[in-house]
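Inspection log for the structure reproduced underneath, given as structure tokens.
When reading the values below, keep in mind they use all heavy atoms of this one structure, side chains included, and skip hydrogens, waters and symmetry mates.
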Amino acid sequence: MDCIFCKIIEGTLPSKKVYETEQVVAFHDIQPKAPVHIVIVPKKHIPTMNDLQKEDYALLGDIHEAAQQIAKDLGVAQSGYRLVNNCNKDSGQIVFHIHYHLLGGEPLGDIVGSRY
């Protein structure tokens, strides 16, 4: 498999990990969009949110538990952070292994913008 996140999970690509359990790993994004930018991924390869199966739903809880802990550990839980999942090309998904971005450390502004 040629998935960059799977290679990070298996340890064949380096990363700066901030969190790891049996189900989830989180690491600093290599192209941060905010002072705090962490990528949270399940260790199970699932390409997109649309590919989740009922038996995978517990992974979403594990990811959210990781996000809470990471936000506390990195000092953004109280000031605020954003948790983002992109699904497929039009959303901006580049790596097709389900993942969330935890962004914080500064005011992030309106995610929707004035278009809507």
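- Cluster annotation: L60 and Y19 are assigned to the same hydrophobic cluster (Ile/Leu/Val/Met/Phe/Trp/Tyr, side-chain heavy-atom contacts under 4.5 Å, transitive).
- Hydrophobic clustering of Ile, Leu, Val, Met, Phe, Trp and Tyr side chains at less than 4.5 Å, counting indirect connections, unites I46 with V24.
- Linking Ile, Leu, Val, Met, Phe, Trp and Tyr residues whenever their side-chain heavy atoms come within less than 4.5 Å leaves F96 and M49 in two separate clusters.
- Taking the side chain as every heavy atom from C-beta outward, C3 and H45 approach each other to under 4.5 Å.
- Under the 4.5 Å side-chain heavy-atom criterion for ILVMFWY residues, no single connected hydrophobic cluster contains both V95 and L102.
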Residues 25-43 side chain polar contacts: donor-acceptor under 3.5 Å, at least two apart:
{"residue": "D29", "atom": "OD1", "partner": "Q31", "partner atom": "N", "Å": "2.7"}
{"residue": "D29", "atom": "OD2", "partner": "H37", "partner atom": "NE2", "Å": "3.2"}
{"residue": "H37", "atom": "ND1", "partner": "K33", "partner atom": "N", "Å": "2.9"}
{"residue": "H37", "atom": "NE2", "partner": "H101", "partner atom": "ND1", "Å": "2.7"}
{"residue": "K43", "atom": "NZ", "partner": "E20", "partner atom": "OE2", "Å": "2.9"}
{"residue": "K43", "atom": "NZ", "partner": "T21", "partner atom": "O", "Å": "2.8"}

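- E10 and T12 are linked by a side-chain donor-acceptor pair at a separation below 3.5 angstrom, with hydrogens and angles left out of the test.
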Atom pairs and distances, donor-acceptor, side-chain atoms in residues 62-75, under 3.5 Å, two or more places apart:
{"residue": "Q69", "atom": "NE2", "partner": "D73", "partner atom": "OD1", "Å": "2.8"}

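- Every side-chain contact (heavy atoms from CB on, under 4.5 Å) that Q53 has, sequence neighbours left out, goes to E55, D56.
- Partners of Q23 under the side chain to side chain donor-acceptor pair (under 3.5 Å) rule, at least two apart in sequence or in another chain, do not exist in this structure.
- Listed by chain and number, the residues in a side chain to side chain donor-acceptor pair (under 3.5 Å) with T48 are D51 (sequence neighbours excluded).
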Could you tabulate the donor-acceptor pairs under 3.5 Å formed by side-chain atoms of residues 81-89, not counting sequence neighbours?
{"residue": "R82", "atom": "NH2", "partner": "G109", "partner atom": "O", "Å": "2.6"}
{"residue": "N85", "atom": "ND2", "partner": "H99", "partner atom": "O", "Å": "3.0"}

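- With values rounded to the nearest 0.5 angstrom, I4 atom CD1 is found 10.5 Å from I94 atom CD1.
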